[in-house]
Amino acid sequence: MKKELAKTYNPKDIEEKLYQKWLDNKYFRATVDWSRKPFTIVIPPPNITGQLHMGHALDNTLQDILIRFKRMQGYNALWQPGTDHASIATEVKIIEQLKKEGIEKEDLGREGFLERAWKWKEEYGGRIISQLKKLGSSCDWDRERFTMDEGCNKAVNKVFVDLYKKGYIYKGSKIINWCPVCHTSISDAEVEHEEKEGHFWHIKYPVVGEEGYVEIATTRPETMLGDTAVAVNPEDDRYKHLIGKKVLLPIVNREIPVIADSYVDMEFGTGVVKITPAHDPNDFEVGRRHNLPEINIMNDDATINENGGKFAGMDRYEARKAIVEELKELGLLVKVEKHIHNVGTHDRCKTTIEPLIKPQWFVKMDELIKPAVEAVKSGEIEIIPDRFNKIYFNWTDNIRDWCISRQLWWGHRIPAYYCDSCGEIIVAEEEPSRCHVCGNTNLRQDEDTLDTWFSSALWPFSTLGWPEKTEDLEYFYPTDVLVTGYDIIFFWVIRMVFSGYAHTGKKPFNKVLIHGLVRDSLGRKMSKSLGNGIDPLEVIDKYGADALRFTLITGNAPGNDMRFYWERVEASRNFANKVWNASRFIMMNLEKAELTKTIDENLLTPADRWILSKANKLVKEVTDNLETFEIGIAAQKIYDFIWEEFCDWYIEMVKPRLYNDQDETKTAALWTLQHVLTVSLKLLHPYMPFVTEEIFCTLQEMTGLKEKDSIMISSWPEYNPDWEFEKDAESIELIKEAVKGIRNVRSQMNVPPSRKAKVIVVSDNERVKEIFTESKAFFAALGMASEVLVQDDKSGIGEDAVSTVIRGGTIYIPFEDLVDIDKEIERLEKEKERLEQELKRVNGMLSNPNFISKAPESKVAEERAKLEKYTDMMKQVMDRLESLKK
RNA sequence: GGAGUCAUAGCUCAGCUGGGACGAGCGUUCGCUUGACGUGCGAAAGGCCAUGGGUUCGAGCCCCAUUGACUCCACCA
């Protein structure tokens with residue numbers, strides 16, 4: 001019993017079933033096989049807290065396309081999947097959950113909390129994975145990893161210890177970005193700078209021991225509680241005399257020095273800057289240069305601490321108000337100006353960052369970053385599109401030490417142990433049983449965990465077994481391509497690159513494919529707060545995964561952002577439906593046919609050879625495009641080929657042969673249909689895995705020509721240099737031209753398709769006559785002709801006919817009653833005008849001696865051919881006009 | 001203050017290393033129960049390729065400047 005396809009394509013009927021089939025047959029599985037070439041992609045691990053959003057959908061569609069393409073090409077394609085523990089995001093989620101139960105994090109204690117966290121991970125961590133499956137992602141799920149699993153933890157510890165031993169990891173008290181809500185330090189990359197409207201408060205600081213004061217301008221008056229100096233530029237004549245003297249810090253009534261530092265910009269503000277080393281990164285630097293005391297005036301929740309005297313306990317903004325109020329009362333507030341400035345916020349919770357001095361762990365970057373810079377400079381790692389090199393270098397060139405410790409519980413705990421009796425710090429992969437200096441057995445592990453990105457940086461090799469010397473690592477590493485959005489270059493890409501070189505001695509990947517963001521239809525970022533996000537799962541539910549995938553990779557240039565439109569998804573769905581129906585038609589006709597794998601080429605008609613060479617050319621182009629990551633361009637070409645060339649032209653051309661059992665070329669037509677369809681399906685498969693699989697399998701059953709149980713393991717079509725049928729291509733193009741001409745004329749005259757008419761091709765060119773004679777059958781069908789006559793003169797054709805000119809001939813349609821001679825003349829005049837334009841252009845070029853001498857020969861020849869063609873057509877138009885005007 | 005992206009049909013965007021804009025989808029107009037598909041078929045309307053220079057036989061594409069929109073980076077109190 002042969003399978004039937006439903007009338008319209010319904011993705012829901014097949015997607016789940018096919019995905020299950022792929023899983024059951026282990027088609028996604030990749031294992032070491034030295035006889036084959038590997039092709040490896042590691043997934044950017046989605047957060048376990050995450051839900052699939054459009055960004056994931058795009059990112060993973062791109063990866064799946066590349067993987068499926070390479071797999072079909074015969075590579076041993078591994079797509080390594082996994083998830084990220086996402087320290088802050090997850091910890092915040094769990095704290096929220098606990099809050100609902102009225103529990104504080106501290107109530108549970110570290111162990112209790114972690115237990116809850118793991119439970120949460122077990123429950124929700126797999127959600128995004130199942131969503132990725134709905135997209136059709138062909139990851140090797142047997143290899144699924146987690147950034148906090150045992151192997152990754154081992155890798156993290158080893159890296160930490162190694163870097164520590166080499167002096168690249170150190171602990172230090174430096175000013176760091178502190179999030180008062182999340183209660184943790186964060187790295188520079190996690191700080192977002194937002195322009196905010198603020199104020200500029202001008203405050204008088206009286207000079208000690210003499211009359212007068214200096215006026216300073218500040219955006220954060222509350223930090224004056226921690227001021228330990230006032231700075232001026234050493235070149236500033238206005239203030240030179242004050243350098244070395246002291247001023248009295250108002251309210252606090254502390255005497256602080258006036259120092260000179262070139263950091264101060266004379267042009268900006270008043271030229272005098274208050275220095276608060278403990279709460280401003282710049283002031284911190286100045287403070288260290290001048291050995292100033294660092295007075296921390298804040299608690300971890302950004303309330304004022306005991307160093308703030310009577311303001312202690314107030315929130316930083318309350319304190320600001322109170323201090324301004326008091327300054328006013330003291331008569332020390334000169335003025336308040338509006339001021340727009342950049343404020344750093346935490347990218348996760350949008351809280352304004354508070355710079356604080358805290359002991360933290362850092363990775364020293366200056367040496368480590370060097371190979372990462374060199375790799376991209378030399379082209380050993382290629383970033384696509386290459387304009388992102390600049391973003392990459394912008395970050396590497398300005399890199400600062402990476403603050404890696406986080407005051408969180410969910411994450412890799414720092415493998416550093418303190419001996420409280422002798423003060424020794426022991427950094428080791430395994431917890432030491434005793435202090436190697438004093439023998440103390442009561443060691444205390446560092447409370448902090450590591451930045452999430454510390455473990456993600458190792459992802460390309462930790463997932464393959466590193467630090468063990470596994471065969472996987474040897475075979476699949478370095479990976480081939482990394483696919484990710486431009487927003488994550490500095491968070492992740494750079495860190496993977498330097499980590500790869502530092503720990504494996506190799507680059508983590510050869511190429512980085514960067515894509516843009518998916519925005520809403522108004523061009524805004526999709527975000528939770530705006531509520532403008534579109535759920536990919538909803539799209540899949542309504543239109544199918546294939547439609548979503550196709551939509552995401554077409555209609556935009558690499559690296560550029562794209563807007564999401566439902567209309568575009570609909571168009572993609574329509575395309576899937578088109579493929580479905582074309583296949584349905586073909587299979588309908590194949591039912592009774594006996595096909596063989598290859599065909600005797602002598603049986604092929606010009607139309608067959610035309611579409612075969614078109615398909616052949618498509619194979620070459622699509623393959624080339626995919627090799628160079630021009631994924632959207634390739635998709636567009638496949639779309640155009642299937643819809644226009646194959647469906648609208650070839651299938652229509654072939655219909656008369658299919659309906660005529662006497663036609664000895666019918667088998668050739670069926671074979672060609674089947675062959676071109678199969679090639680098209682294969683090319684389309686990476687983009688639309690589900691429809692193509694369903695049709696491919698059904699088609700195989702129908703024809704009995706079985707290649708493989710699944711299209712995804714079938715072989716990628718290969719370009720055949722022998723299948724360039726130039727002559728047939730020319731013939732068919734000529735017929736297409738004629739058909740278009742006829743349709744155009746008919747449409748202009750409002751002739752309904754039901755009214756057939758005789759079509760007479762007049763030409764004195766033997767080749768032209770031959771072309772129309774051999775293709776008469778389908779030319780008649782496409783041109784809505786009742787009968788086609790091919791003759792070499794106009795005998796028998798009266799004035800009551802309309803005509804259209806092609807190269808080498810004129811086509812007449814005697815419509816008798818419908819023909820209005822004046823209108824016909826008008827039409828021909830227009831055609832004449834058009835040709836005149838063309839001739840003018842071509843003649844212009846060809847009469848330019850510089851063009852002839854400097855342009856490439858092929859171009860000149862091309863233009864000459866056009867001249868010939870248009871001249872010929874012009875002559876015919878003129879002839880016709882003449883006879884009508886008589 | 002640096003850097004980048006974008007400006008092409010009513011809308012959203014393609015246009016590869018310079019060689020006539022066959023531009024695509026959607027929308028619009030007209031005509032179609034043409035034995036796969038109305039999620040379709042056929043025909044059409046619609047573009048000074050932001051502006052001003054330059055290079056070139058030839059520029060939407062390369063160079064310079066200008067205008068406008070957006071994004072990223074940056075410690076100006």
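Sequence lines set the chain letters: A, B, ... in the order given, protein chains first and strands last, and positions in each chain run from 1.
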Handout entry: Between G4(B) and U66(B) - P atom distance, rounded Å
Key = 14 Å
Exercise for the section: Scan F490(A) against the nucleic acid and name what it touches under 4.0 Å (heavy atoms): base, sugar-phosphate only, or nothing. Expected result: sugar-phosphate
Exercise for the section: Check whether any side-chain nitrogen or oxygen of H339(A) sits under 4.0 Å from OP1 or OP2 of A77(B), and answer yes or no. Expected result: yes
Problem - Pairs flagged by salt bridge (Lys or Arg N to Asp or Glu O under 4.0 Å) wherever residues 844-857 of chain A is involved - sequence neighbours left out - result: none
Fill in the blank from the handout: Out of C75(B), C41(B), C26(B), minimum distance to the side chain of R400(A) belongs to C75(B)
Practice task
Verify the stacking flag for F268(A) against A77(B): centroid separation must be under 5.5 angstrom and the ring planes must differ by under 30 degrees.
Solution key: no
Problem - Gap in Å between the two C1' atoms, one belonging to G46(B) and one to C26(B), rounded - result: 14 Å
Practice task
Rounded to the nearest 0.5 Å, what's the gap from CZ on R238(A) to OG1 on T270(A)? Could you check?
Solution key: 7.5 Å
Completion exercise
Taking C73(B), A43(B), A36(B) as options, the one with an atom nearest any side-chain atom of K740(A) is A43(B)
Handout entry: 5'-to-3' dot-bracket of RNA chain B (Watson-Crick, G-U; under 3.5 angstrom; crossing pairs as [ ]; | other strand)
Key = (((((((..((((.....[...)))).(((((.......))))).....(((((..]....))))))))))))....
Review item, side-chain donor-acceptor pairs of residues 198-205 of chain A, under 3.5 Å, at least two apart:
| unit_1 | atom_1 | unit_2 | atom_2 | d |
| --- | --- | --- | --- | --- |
| H202(A) | ND1 | E215(A) | OE2 | 2.8 |
| H202(A) | NE2 | E337(A) | OE1 | 3.1 |
| Y205(A) | OH | D227(A) | OD2 | 2.7 |

Practice task
Have a look at A217(A) and say if it touches a base, only the backbone sugar-phosphate, or nothing, with a 4.0 Å heavy-atom cut-off.
Solution key: base
Exercise for the section: Give a yes/no on whether any side-chain N or O of Y650(A) is located under 4.0 angstrom from OP1 or OP2 of A36(B). Expected result: no
Handout entry: Neighbour count above 12 (heavy atom, 6.0 Å) for E192(A) CD
Key = yes
Exercise for the section: Please tell me which of the listed nucleotides, C72(B), C57(B), A36(B), lies nearest to the side chain of N848(A)? Expected result: C57(B)
Practice task
State whether K756(A) places a side-chain N or O below 4.0 Å from either non-bridging phosphate oxygen (OP1 or OP2) of U34(B).
Solution key: no
Problem - Pairwise C1' distance for U28(B) and C73(B), with rounding to whole Å - result: 44 Å
Exercise for the section: For C48(B) versus U5(B), give the span between their P atoms, rounded off to a whole number of Å. Expected result: 27 Å
Problem - Salt bridge present between E285(A) and R288(A) (N-O < 4.0 angstrom) - result: no
Handout entry: Atom C1', compared across C49(B) and G60(B): separation rounded to whole Å
Key = 5 Å
Exercise for the section: Please report, rounded to the nearest Å, how far the P atom of G35(B) is from the CG atom of L658(A). Expected result: 14 Å
Which donor-acceptor pairs under 3.5 Å do side chains of residues 485-492 of chain A form with protein atoms, sequence neighbours excluded?
| unit_1 | atom_1 | unit_2 | atom_2 | d |
| --- | --- | --- | --- | --- |
| Y486(A) | OH | D561(A) | OD1 | 2.8 |
| Y486(A) | OH | D561(A) | OD2 | 3.0 |
| W492(A) | NE1 | S456(A) | O | 2.9 |

Problem - Whole-Å gap separating P (C75(B)) and CZ (R288(A)) - result: 18 Å
Completion exercise
Side-chain contact check for P753(A): nearest option of U34(B), A43(B), G19(B) is U34(B)
Problem - salt bridge (charged side-chain N to carboxylate O under 4.0 Å, His left out) against R657(A), all qualifying residues, sequence neighbours excluded - result: D608(A)
Practice task
Give one of base, sugar-phosphate or nothing for A582(A), where a contact means two heavy atoms less than 4.0 Å apart.
Solution key: base
Problem - K740(A) bridged to E737(A) by N-O distance under 4.0 Å - result: no
Exercise for the section: Consider the side chain of S747(A), meaning its heavy atoms from C-beta on, and name the nucleotide among A77(B), A36(B), A43(B) that approaches it most closely. Expected result: A43(B)
Problem - Letter per nucleotide, 5' to 3', of nucleotides 45-50 of chain B [B base touched, S only sugar-phosphate touched, - untouched; heavy atoms, 4.0 Å] - result: ------
Problem - Inter-nucleotide C1' distance (C13(B), A69(B)), Å rounded - result: 16 Å
Exercise for the section: Mark yes or no: K859(A) above the aromatic ring of F851(A), with NZ or CZ under 6.0 Å from the six-membered ring centre and no more than 45 degrees from the axis. Expected result: no
Handout entry: Partners passing salt bridge (charged side-chain N to carboxylate O under 4.0 Å, His left out) against R743(A) (at least two apart in sequence or in another chain)
Key = none
Handout entry: Geometric cation-pi criterion, K7(A) with W580(A): 6.0 Å, 45°
Key = no
Exercise for the section: Scan residues 636-647 of chain A against RNA chain B and write down, sorted by residue number, each residue with any heavy atom closer than 4.0 Å; if none is found, say none. Expected result: Q636(A), Y639(A), W643(A), C647(A)
Exercise for the section: Give the B/S/- string for nucleotides 4-9 of chain B, one per nucleotide from 5' to 3', where a protein heavy atom under 4.0 Å of the base yields B, of only the sugar-phosphate yields S, and otherwise -. Expected result: SS----
Handout entry: Sugar-phosphate, base or nothing in reach of P856(A), heavy atoms under 4.0 Å
Key = base
Exercise for the section: Verify the contact: side-chain N or O of K7(A) to OP1 or OP2 of C37(B), cut-off strictly under 4.0 Å; return yes or no. Expected result: yes
Practice task
Just call it for E285(A): base, sugar-phosphate, or nothing, with non-hydrogen atoms closer than 4.0 Å on any strand.
Solution key: nothing
Handout entry: Rounded distance in Å between the C1' positions of G38(B) and C32(B)
Key = 10 Å
Exercise for the section: Could you tell me whether R316(A) and E222(A) have a side-chain N and a carboxylate O separated by less than 4.0 Å? Expected result: no
Problem - Non-neighbouring partners of K578(A) that pass salt bridge (charged side-chain N to carboxylate O under 4.0 Å, His left out), sequence neighbours left out - result: none
Handout entry: Heavy atoms from other residues, nucleotides or ligands near NZ of K823(A) exceed 12 (cutoff 6.0 Å)
Key = no
Problem - Separation of atom CE in M784(A) from atom P in G31(B), rounded to whole Å - result: 16 Å
Handout entry: From A77(B), A74(B), U71(B), nucleotide with atom closest to F200(A) side chain
Key = A77(B)
Handout entry: Inter-nucleotide P distance (A44(B), G52(B)), Å rounded
Key = 33 Å
All N/O donor-acceptor pairs, side-chain side in residues 639-648 of chain A, below 3.5 Å, sequence neighbours left out:
| unit_1 | atom_1 | unit_2 | atom_2 | d |
| --- | --- | --- | --- | --- |
| D640(A) | OD1 | Q636(A) | NE2 | 3.4 |
| E645(A) | OE1 | K736(A) | NZ | 3.2 |
| E645(A) | OE2 | K614(A) | NZ | 3.4 |

Handout entry: Those residues that, when tested against E627(A), pass salt bridge (charged side-chain N to carboxylate O under 4.0 Å, His left out) (two or more places apart)
Key = K70(A)
Exercise for the section: State whether R563(A) places a side-chain N or O below 4.0 Å from either non-bridging phosphate oxygen (OP1 or OP2) of C13(B). Expected result: yes
Exercise for the section: Determine the contact category for N556(A): base if any of its heavy atoms lies under 4.0 Å from a base atom, sugar-phosphate if only primed atoms, P, OP1 or OP2 are that close, otherwise nothing. Expected result: sugar-phosphate
Exercise for the section: Give a yes or no on this: more than 12 heavy atoms of other residues, nucleotides or ligands lie within 6.0 Å of atom CZ of R755(A). Expected result: yes
Handout entry: Options G15(B), C37(B), A74(B), nucleotide nearest the side-chain atoms of N342(A)
Key = A74(B)
Completion exercise
Separation of C26(B) atom C1' from F575(A) atom CZ, nearest Å, is 17 Å
Handout entry: Sugar-phosphate, base or nothing in reach of V264(A), heavy atoms under 4.0 Å
Key = base
